[in-house]
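We name chains A, B, ... by the order of the sequence lines, and we start the count at 1 in each one.
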Amino acid sequence: MNIRTLLDQRLGEVISAIAGEPCDALVNVSSKPQFGDYQANGCMAAAKRAKTNPRAFAEEVLKKIDLSDIADSLEIAGPGFINIILRQDFLEAQLATMATTDALGCELAGEAQTVVVDFSSPNLAKEMHVGHLRSTIIGDALGRVLEFLGHSVIRQNHVGDWGTQFGMLLNYMNETGGETTTLANLEEFYRASKQRFDEDEAFATTSREMVVKLQSGDADCKAAWQQFLDISLGHCQTAYDRLGVKLTKDDVRGESFYNDDLPIVVKDLDTAGLLKESDGARGVFLDEYRNKDDEPLFVIVQKSDGGYLYATTDLAAMRFRTGEINAQRILYVTDSRQGDHFAQVFLIAQRAGFVPEHVSLEHVPFGMMLGDDGKPFKTRAGGTVKLMDLLDEATTRAGDLVTSKNPGITDEARETIAAIVGIGALKYADLSQNRASDYVFAWDKMISLDGNTAPYMQYAYARIRSIFRKAASNADLGAIVLGEPQERALGNKLLQFAEAVDAVARSAMPNVLCSYLFELAGAYMSFYESCPVLKDDVAPETRASRLALCDLVARTIQTGLGLLGIETLEQM
RNA sequence: GCGCCAGUAGCUCAGCUGGAUAGAGCAGCGGUCUUCUAAACCGCAGGUCGUAGGUUCGAGUCCUGCCUGGCGCGCCA
């Protein structure tokens, strides 16, 4: 049950009826406690359209509306706000309902959709580096949230497995005997082959021939290529597993998959009357975009030498995703620099009829990871930071912290906690930022575990679990009664979980869920300080009520962090 | 030259379709541990929301100009 939506509907009907046209009630969580639990802001706008006094309009609304089953009081304030205080027994009943299901009050807003989430998409010629982190974890979180709401999520790892560089790599693999051991360090392997390519003209020539052979389907070449991909994908899978990202081999559908479709894309564009030629290249002119000379932009889909480009592959993928997968919504989780590119290929795809009108194409852009100097995040030597090294450092730092907080701990427990806390902190630091902006990566901030961090939530969870361990067999849950102000605040916050999850699904902004969880954990910490659960002087029914609240908070934090791909711990 | 994104507290950032006195977290200052885990809690202080106009009952949010930073702009992805 999404209370905000409920109020929006109930008030919206009345406001619309009075105004004589459809109006939005604009219900939101109140900006301040003295304004009640929720506030409706829609009367001012509706009154304006109906050309009446907003306060008088709001009074009319209060006269007509019956919210007695939900709200204790409705008050008009300021120019025409309606402040809503919910009934305590309504909140208690809602919490009881919320506790009965794993969905914790979340429900499908409309029809279930088939949603393609295109994310991670590393170039398999090299090892994964920090540049792939944001796409991977943001896309993973979005996939989990949409799935949680009942949508059918198709993950697509659009890996780079088909560029000219593969000729170079295959050639070098042949030269070095194709031993898999030499591929243990992909980065080094790439560097070495690149060096050969740049220094030896003969090598470069055979490399180019290798590409042609590969793309024309030569069996030996294809086998070697497949072997290379398997190894590279293995590296990726190790990273995904350590990150706790739900991506497997089955989700991989790389550029090569669309190879046979590329000529068809060009042909279809021609059929649609969109294809033009310019300087020997073929492509589509877009009036909406201008080039440097203020002429319509030419988006090339086939080079003058006959080769295809990434716009072609993306168009082929769109055709496949709507035609074969039947997607109704497609999310592209890539960095914001590709914004223009996607806007352009979306336009072409719609114009060419590759994507029906009802399908939503959404670029989900994110900013760059910067170092604390404000420049792109690099190693001290200025090189690319490997993803694996980043994960290692996160767990090492978390491990050191565990040791300092809890010196007596066994090595085994330490490692488990370090992995979950370290990886969780790393992912949360990223997810909690508005993805649109560049983000300054700072180990100390992230791993200091203070403030709005994953460990703060993990700690709140562990504290609750500790209570249940202590209560042992005497931990029966009772009916929730929101007696104390902290209990009411906590209960209210719990019921907003569905609102937060809905907002993430709609806007593709995981940071909304992070903010929610931080507020929830904060409300719990305040509750924890002022409302004893297991102390001797707590009445049995109060104890049972608070245990039920604790349980629901624990489940919400665990589920919420789970939607972000972050694990919880019984003890920290 | 054109386009996209950003500019909010000392630092890092929130701010949902325009709503009431702009919020957090760090850092700073001051309180709270014979503890249901202090990785915590409570309080104080900190602001011309880049800038100049405009739209209106109301603007951090919408429009226009300007300034600053980042990114992109036909045969790489």
Side-chain angles (χ1 to χ4, degrees), chain A residues 24 26 28-32 34-35 39 41 44-45 47-48 54 77-81 83 121 123 160 163-165 255 278-283 285 289-295 297-305 307-311 313-314 334-341 343-344 365 367-368 370 372 374 401-402 404-406 421 432-434 436-440 442 444-445 448-453 455-456 458-460 462-471 499 503 506-507 509 511-512 514-515 518-519 522 525-526 528-535 538 546 550 571-572:
Chain A
D24 200 329
L26 296 172
N28 273 314
V29 172
S30 290
S31 55
K32 291 179 193 305
Q34 65 261 36
F35 299 148
Q39 61 181 62
N41 305 331
M44 277 94 72
K48 187 177 183 182
F81 297 99
N83 291 335
S121 309
N123 181 351
T164 44
Q165 62 236 23
E255 292 170 347
S278 172
D279 295 331
R282 310 165 89 189
F285 282 103
Y289 296 88
R290 299 269 135 180
N291 66 15
K292 288 170 189 162
D293 301 321
D294 201 33
E295 294 157 344
L297 183 74
F298 190 55
V299 178
I300 295 177
V301 293
Q302 189 169 25
K303 298 191 280 184
S304 49
D305 68 359
Y308 301 99
L309 294 101
Y310 72 136
T313 312
D314 278 331
T334 79
D335 71 88
S336 50
R337 286 176 302 191
Q338 296 187 53
D340 284 340
H341 162 70
Q344 289 154 13
M368 287 191 298
L370 307 177
D372 47 19
L401 196 71
V402 172
S404 71
K405 295 284 181 190
N406 200 348
V421 170
S432 60
Q433 305 253 342
N434 185 325
S437 44
D438 288 343
Y439 123 72
V440 177
D444 289 337
K445 179 191 167 191
S448 74
L449 317 185
D450 282 323
N452 188 6
T453 62
Y456 177 80
Q458 289 170 323
Y459 179 63
R463 271 183 143 181
I464 299 173
R465 299 308 305 158
S466 169
I467 288 177
F468 280 93
R469 270 195 304 280
K470 186 147 281 188
E499 293 166 26
R506 201 178 55 243
S507 64
M509 306 264 268
N511 66 307
V512 173
C514 295
S515 300
F518 181 57
E519 287 164 16
M525 293 294 192
S526 298
Y528 183 95
E529 297 292 328
S530 55
C531 299
V533 180
L534 301 178
K535 297 273 170 67
V538 178
R546 289 180 180 168
C550 287
Q571 292 183 64
M572 282 173 77

Each nucleotide N or O in nucleotides 21-23 of chain B that has a protein N or O under 3.5 Å away: list the pair and distance.
{"from": "rU21(B)", "atom 1": "O2'", "to": "Lys32(A)", "atom 2": "NZ", "distance (Å)": "3.4"}
{"from": "rG23(B)", "atom 1": "OP1", "to": "Lys32(A)", "atom 2": "NZ", "distance (Å)": "2.7"}

Roughly how far apart, to the nearest Å, are [N] and [M] at atom [atom1]?
N: rC49(B); M: rA9(B); atom1: C1'; value: 10 Å
N: rA59(B); M: rG18(B); atom1: P; value: 13 Å
N: rG72(B); M: rG30(B); atom1: P; value: 48 Å
N: rU68(B); M: rA52(B); atom1: P; value: 16 Å
N: rC16(B); M: rA22(B); atom1: P; value: 15 Å
N: rC63(B); M: rG46(B); atom1: C1'; value: 33 Å
N: rU61(B); M: rU51(B); atom1: P; value: 11 Å
N: rG15(B); M: rG7(B); atom1: C1'; value: 15 Å

Heavy atoms under 4.0 Å, any strand shown: does [X] hit a base, just sugar-phosphate, or nothing?
X: Gln571(A); value: base
X: Asn28(A); value: base
X: Gln39(A); value: base
X: Leu297(A); value: sugar-phosphate
X: Ala462(A); value: base
X: Phe518(A); value: sugar-phosphate
X: Ser526(A); value: sugar-phosphate
X: Ala442(A); value: nothing
X: Cys514(A); value: nothing

Atom [atom1] of [X] and atom [atom2] of [N]: how far apart are they, to the nearest Å?
X: Asp293(A); N: rG3(B); atom1: CG; atom2: P; result: 15 Å
X: Tyr528(A); N: rA39(B); atom1: OH; atom2: P; result: 10 Å
X: Glu295(A); N: rG1(B); atom1: CD; atom2: P; result: 18 Å
X: Leu370(A); N: rC5(B); atom1: CG; atom2: C1'; result: 13 Å
X: Met525(A); N: rC41(B); atom1: CE; atom2: C1'; result: 9 Å
X: Asp335(A); N: rA77(B); atom1: CG; atom2: P; result: 15 Å
X: Asp340(A); N: rG72(B); atom1: CG; atom2: P; result: 10 Å
X: Asp279(A); N: rC75(B); atom1: CG; atom2: P; result: 10 Å

Check the phosphate of rG72(B) against Asn291(A), side-chain N and O only, distance under 4.0 Å to OP1 or OP2. Yes or no?
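So the side-chain polar atoms of Asn291(A) never come under 4.0 Å of the phosphate oxygens OP1 or OP2 of rG72(B).
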Less than 4.0 angstrom between a side-chain N/O of Ser466(A) and OP1 or OP2 of rC36(B), yes or no?
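For Ser466(A), the contact criterion (side-chain N or O under 4.0 Å from OP1 or OP2 of rC36(B)) is not met.
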Side chain to side chain contact (heavy atoms under 4.5 Å, CB included) against [X], all qualifying residues, sequence neighbours excluded:
X: Gln302(A); answer: Val266(A), Arg282(A), Tyr308(A)
X: Val402(A); answer: Ile409(A), Arg414(A), Ile417(A)
X: Met509(A); answer: Asn434(A), Arg435(A), Ser507(A), Asn511(A), Val512(A)

Derivation and outcome, side chain to side chain contact (heavy atoms under 4.5 Å, CB included), residues Ile467(A) and Tyr528(A):
CA-CA 11 Å; Ile467(A) 288 177; Tyr528(A) 183 95; 4.0 Å; yes
Quick tally for nucleotides 6-13 of chain B: nucleotides whose base has a protein heavy atom under 4.0 Å get B, sugar-phosphate-only ones S, the rest -, giving ------SS
Check: rA39(B) base within 3.5 Å donor-acceptor of Tyr459(A) side chain
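Per atom types, no contact qualifies.
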Taking atom types as they are modelled, would you say the side chain of Asn83(A) forms a donor-acceptor pair with the base of rA20(B) within the 3.5 Å cutoff?
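Present.
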Pick the nucleotide of RNA chain B nearest each of Asp24(A) and Ser31(A); which residue has the one closer to the 5' end?
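Looking at the nearest nucleotide for each, Asp24(A) comes out on the 5' side.
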Using heavy-atom distances to pick each residue's nearest nucleotide on RNA chain B, tell me which of Lys303(A) and Ala503(A) is more 5'.
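So the residue in question is Ala503(A).
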Identify whether the glycosidic angle of rC33(B) places it syn (within 90° of 0) or anti.
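Syn, which is what one calls it when the glycosidic angle falls within 90° of 0.
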Using the test salt bridge (charged side-chain N to carboxylate O under 4.0 Å, His left out), find all partners of [X] that sit at least two apart in sequence or belong to another chain.
X: Glu529(A); value: none
X: Arg506(A); value: none
X: Asp340(A); value: none

Nucleotide nearest [X] when distance is taken to its side chain, options [options]:
X: Arg506(A); options: rC41(B), rC75(B), rC16(B); answer: rC16(B)
X: Lys535(A); options: rG70(B), rA39(B), rC36(B); answer: rC36(B)
X: Met368(A); options: rC71(B), rG15(B), rA20(B); answer: rC71(B)

Applying ring pair (Phe, Tyr, Trp, His ring centres under 6.0 Å), name anything that partners Phe298(A), two or more places apart in sequence or on another chain.
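Listed in chain order: Phe285(A).
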Who pairs with Phe468(A) by ring pair (Phe, Tyr, Trp, His ring centres under 6.0 Å), at least two apart in sequence or on another chain?
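Not a single residue meets the ring pair (Phe, Tyr, Trp, His ring centres under 6.0 Å) criterion with Phe468(A).
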Heavy-atom closest pair, residues [X] and [Y]:
X: Gly160(A); Y: Asn123(A); answer: O-OD1, 3.3 Å
X: Ala311(A); Y: His341(A); answer: CA-CE1, 3.8 Å
X: Ser404(A); Y: Leu401(A); answer: OG-O, 2.8 Å

Check whether any side-chain heavy atom of Glu499(A) sits under 4.5 Å from a side-chain heavy atom of Val29(A), and report yes or no.
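Yes, their side chains come closer than 4.5 Å.
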State, with a plain yes or no, whether a side-chain heavy atom of Met572(A) is found less than 4.5 Å away from one of Lys405(A).
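Contact flag for Met572(A)/Lys405(A) side chains = no.
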Are there any protein N/O atoms within less than 3.5 Å of an N/O atom in nucleotides 54-63 of chain B, and if so, which ones and at what distance?
{"from": "rU56(B)", "atom 1": "O3'", "to": "Lys48(A)", "atom 2": "NZ", "distance (Å)": "3.4"}

Is_stacked (Tyr456(A), rA39(B)) at 5.5 Å, 30 deg
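No, the aromatic ring of Tyr456(A) does not stack with the base.
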When Watson-Crick pairs (N1 to N3 and N6-O4 or O6-N4) and G-U wobble pairs (N1-O2 and O6-N3) count only below 3.5 Å on both distances, what is the dot-bracket string of RNA chain B, with | for other-strand pairs?
(((((((..((((.....[...)))).(((((.......))))).....(((((..]....))))))))))))....
